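Before any comments, here is the structure.
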Amino acid sequence: MAIPSRIHNFLVYWLTILSVFSLIFRRGSFVKVFDVLIVIIGILLIANPESFIAIKKFFIKFKYAFFTIIFLIIFIIFAQLLSYALGNNIDINFEIFKNHGRLIFNVYTLFLVGFLISYNKKILFPVSWAIIFSPIIVLPAYWNLNEEFFISGGRLTGFLQTPIIFGAWMMVVFLIGIGFFFTLQKKWQKTLLLLWLAIIANFILWAASRASWLALIAAIFILITFYFLIGEKKKSGIIFLIFIFTFSVGYILLPSKDLKIKAWVLDRSKNLAESIVVLHPEKIQGQMHTTTLPNAVRFISQNSMGSGFGDYTAMNLGILNKGDTVSNSSYLELALYGGVGALFMFLLFLFGVGKEIRKILLSRKLSDLEIVWIVACLAFLIDIFFTDGFLWRHTWFMLGVVIGIVHIVDIS
């Protein structure tokens, strides 16, 4: 028996909002809350005749990206089979199957999220609020500074696996908050939002992920420049003031007495800024990019077809601890998995999305919130350039949202 359309739309609407809120959790079991919810949403959509027809229309508009992603998967599977045939990754274990499953599920996430945003454009607003409010569950960190709960090595992780992922996600929250600042009408609402963004800024500093710092600065620069060029100079100034105010307050809020994190964050930021100014990235403290990046490039040049998932790449790059980064760049990480072919397909996919974004930006039909989402996705892509985040669910969620914004499905 089919679910009545009204009930179906109600369920899809609220399950979507709940699933997006749950992205703040990525710990524990192999299957996460977000994963379960979007599977349920997918079943509901396929079971409903109206949404099923809309899905087919969506794929027609989405075909350029669909084929590039399909070929990306093919390249990785081929690399896995080739690696096995050559005697490299000969141990077929659960971890290899899990990573292939993660890849397929990430692609499903991309398509589903893109469809949900384009199927009901109004859902972007509550989805964005869900992301804004989700860090509220991390507030107890101010009173619980115990290691391995909210904190790892003094750095804030929240309920995500690492401070790197947490910093990247808080960066997205912060940028969406800027979009909402221009949407809210009442002064008290703007004031409350500013205070909340100051806490989010504190979380970003406390996570101490330099990738998120650089990506956020780039995003703020892009937003200021964009609004300046289209003649909305007041918004450019407001964005700059929001950034300065929230991060000044956020720095003050850093726990200093117990963790002494304030001085450490200041020293870390000074070292990063100095290394960038004098163009000596090798002087950045506490990072291995100057070693891992050249090693990954060298391995890719020798294994241009990739080596699939498994321990072969890690062993050849001298990585002894399971789970350690293999490249410190998601783009090189992909090339390690599927070779230059997979990387080319992913870049082709991004290029296609970029062309669509350019069209809608020139049309000036986007709201401030949609503009900020696009810039937030770009910032996320910058962030994962400095870490192995190709298989992160958040990466594909961000891409899915932007796909949904630029590919509005005509369901009439």
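Keep in mind that what you see is a predicted model, and the values were worked out from it rather than measured. The residues of the chain are indexed from 1 along the displayed sequence.
- Partners of Phe159 according to the ring pair (Phe, Tyr, Trp, His ring centres under 6.0 Å) rule, which considers only residues two or more places apart in sequence or in another chain, are Phe25, Phe150.
- Looking only at side-chain heavy atoms (C-beta outward), Phe115 and Ile403 stay at 4.5 Å or farther from each other.
- Annotation: Tyr251, atom OH; neighbour count of heavy atoms from other residues, nucleotides and ligands within 6.0 Å is above 12.
- In this structure a side-chain-to-backbone donor-acceptor pair under 3.5 Å is present from Ser330 to Thr387.
- Note: His100 and Phe309 meet the aromatic proximity criterion, with ring centroids under 6.0 Å apart.
- For Ser212 (side chain) and Ser209 (main-chain N/O), a donor-acceptor pair under 3.5 Å exists by modelled atom type.
- Scanning all heavy atoms of the two residues, the minimum distance from Met171 to Ala215 falls at SD-CB, 3.5 Å.
- Counting heavy atoms from C-beta outward, Leu378 and Ile222 have side chains that approach closer than 4.5 Å.
- Partners of Ser248 under the side-chain hydrogen bond (donor to acceptor under 3.5 Å, both in side chains) rule, at least two apart in sequence or in another chain, do not exist in this structure.
- Of the possible polar contacts, none joining the Trp169 side chain to the Ile164 backbone as a donor-acceptor pair under 3.5 Å is found.
- Under the 3.5 Å distance criterion, the side-chain polar atoms of Arg26 are left unmatched by any main-chain donor or acceptor of Leu160.
- Using modelled atom types and a 3.5 Å distance limit, the side chains of Ser83 and Ser307 yield no donor-acceptor pair.
- Smallest separation of non-hydrogen atoms from Ile374 and Val402: CA-CG2, 4.2 Å.
- Taken from CG in Leu44 to NE2 in His8, the straight-line distance is 5.5 Å, to the nearest 0.5 Å.
- Side chain of Gln185 to backbone of Thr183: a donor-acceptor contact under 3.5 angstrom is found.
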Checklist entry - Could you go step by step and tell me if Thr162 and Phe166 meet the side-chain contact (heavy atoms from CB on, under 4.5 Å) rule? => result CA-CA 6 Å; Thr162 71; Phe166 183 75; over 6 Å; no

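- We find the CD1-CZ distance between Ile300 and Arg298 to be 11.5 Å, quoted to the nearest 0.5 Å.
- Residues satisfying the side chain to side chain contact (heavy atoms under 4.5 Å, CB included) test with Val39, not counting sequence neighbours, are Ile43, Phe105.
- Between Phe247 and Phe174, the ring centre distance stays below 6.0 Å.
- Within the structure, salt bridge (charged side-chain N to carboxylate O under 4.0 Å, His left out) contacts touching residues 127-140 (residues at least two apart or in different chains) do not occur.
- Remark: side-chain polar atoms of Asn303 are not paired, donor with acceptor, to backbone N or O of Met305 under 3.5 angstrom.
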Report all side-chain donor-acceptor pairs from residues 62-78 shorter than 3.5 Å, counting only partners two or more places apart or in another chain.
unit_1	atom_1	unit_2	atom_2	d
Tyr64	OH	His407	NE2	2.9
Thr68	OG1	Tyr64	O	3.4
Thr68	OG1	Ala65	O	2.7

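- With contacts defined as side-chain heavy-atom distances shorter than 4.5 Å, the pair Tyr312/Phe299 qualifies.
- Scanning both residues, Ile382 and Ala218, for their nearest heavy atoms gives CD1-CB, 4.0 Å.
- The salt bridge (charged side-chain N to carboxylate O under 4.0 Å, His left out) contacts involving residues 341-361 comprise Glu356-Lys359, where partners must be two or more places apart or lie in separate chains.
- Panel note: side chain Glu370, backbone Ile405; no donor-acceptor pair is recorded below 3.5 Å.
- Across every non-hydrogen atom of Pro163 and Ala207, the tightest pair is CB-O, 3.4 Å.
- Look at Arg102 and Asp35 and you find no salt bridge, because none of the NZ, NE, NH1 or NH2 atoms lies under 4.0 Å from a carboxylate O.
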Which donor-acceptor pairs under 3.5 Å do side chains of residues 125-139 form with protein atoms, sequence neighbours excluded?
unit_1	atom_1	unit_2	atom_2	d
Ser128	OG	Leu124	O	2.6
Ser128	OG	Trp373	NE1	2.8
Ser134	OG	Ile131	O	2.8

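- Between Tyr331 and Phe385, the ring-plane angle classifies as tilted under the 30° and 60° cut-offs.
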Item to check | side-chain contact (heavy atoms from CB on, under 4.5 Å) between Phe59 and Phe111, intermediate numbers included | outcome: CA-CA 9 Å; Phe59 272 99; Phe111 291 159; 3.9 Å; yes

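- Side-chain contact between Thr109 and Ile38 is present, with heavy atoms from C-beta onward closer than 4.5 Å.
- Once rounded to the nearest 0.5 Å, the distance linking OG1 of Thr246 with CD1 of Ile199 reads 11.5 Å.
- Applying the salt bridge (charged side-chain N to carboxylate O under 4.0 Å, His left out) definition to pairs two or more places apart or across chains, those involving residues 221-239 are Glu232-Lys235, Lys235-Asp368.
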Could you list the donor-acceptor pairs under 3.5 angstrom formed by side chains in residues 332-354, with sequence neighbours left out?
unit_1	atom_1	unit_2	atom_2	d
Glu333	OE1	Gly389	N	3.3
Glu333	OE1	Phe390	N	3.0
Glu333	OE2	Tyr337	OH	2.7

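- Residues His394 and Asp383 are not in side-chain contact: their nearest non-hydrogen atoms beyond the backbone lie 4.5 Å or more apart.
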Item to check | side-chain contact (heavy atoms from CB on, under 4.5 Å) assessment of Phe397 paired with Leu112 | outcome: CA-CA 9 Å; Phe397 170 82; Leu112 181 71; over 6 Å; no

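- Contact check for Phe380 versus Val375: no side-chain heavy atoms found under the 4.5 Å cut-off.
- Contact check for Leu253 versus Lys262: no side-chain heavy atoms found under the 4.5 Å cut-off.
- Between Leu293 and Ser329 the shortest side-chain heavy-atom distance falls below 4.5 Å.
- Atoms CG and CG, from Leu381 and Leu399 in turn, are 5.5 Å apart once rounded to the nearest 0.5 Å.
- Here the NZ-CG distance, from Lys186 to Leu193, works out to 15.0 Å after rounding to the nearest 0.5 Å.
- Remark: Tyr108 engages no residue in a side-chain hydrogen bond (donor to acceptor under 3.5 Å, both in side chains) (not counting sequence neighbours).
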Checklist entry - Is there a side-chain contact (heavy atoms from CB on, under 4.5 Å) between Tyr13 and Leu116 once you walk through the steps? => result CA-CA 9 Å; Tyr13 181 85; Leu116 288 170; over 6 Å; no

Let me have the donor-acceptor pairs involving side chains of residues 16-23, under 3.5 Å, with sequence neighbours excluded, atom names and distances please.
unit_1	atom_1	unit_2	atom_2	d
Thr16	OG1	Val12	O	2.6
Ser19	OG	Leu15	O	3.2
Ser19	OG	Thr16	O	2.7
Ser22	OG	Ser19	O	2.5
Ser22	OG	Phe34	N	3.4

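- Minimum heavy-atom separation, Ala141 to Trp206: O-CH2, 3.9 Å.
- For Val372, the side chain to side chain contact (heavy atoms under 4.5 Å, CB included) partners are Leu175, Leu223, not counting sequence neighbours.
- Atom CD1 of Ile165 and atom CE of Met170 lie 11.5 Å apart (nearest 0.5 Å).
- The heavy-atom pair separating Val265 from Leu205 by the smallest distance is CG2-O, 3.5 Å.
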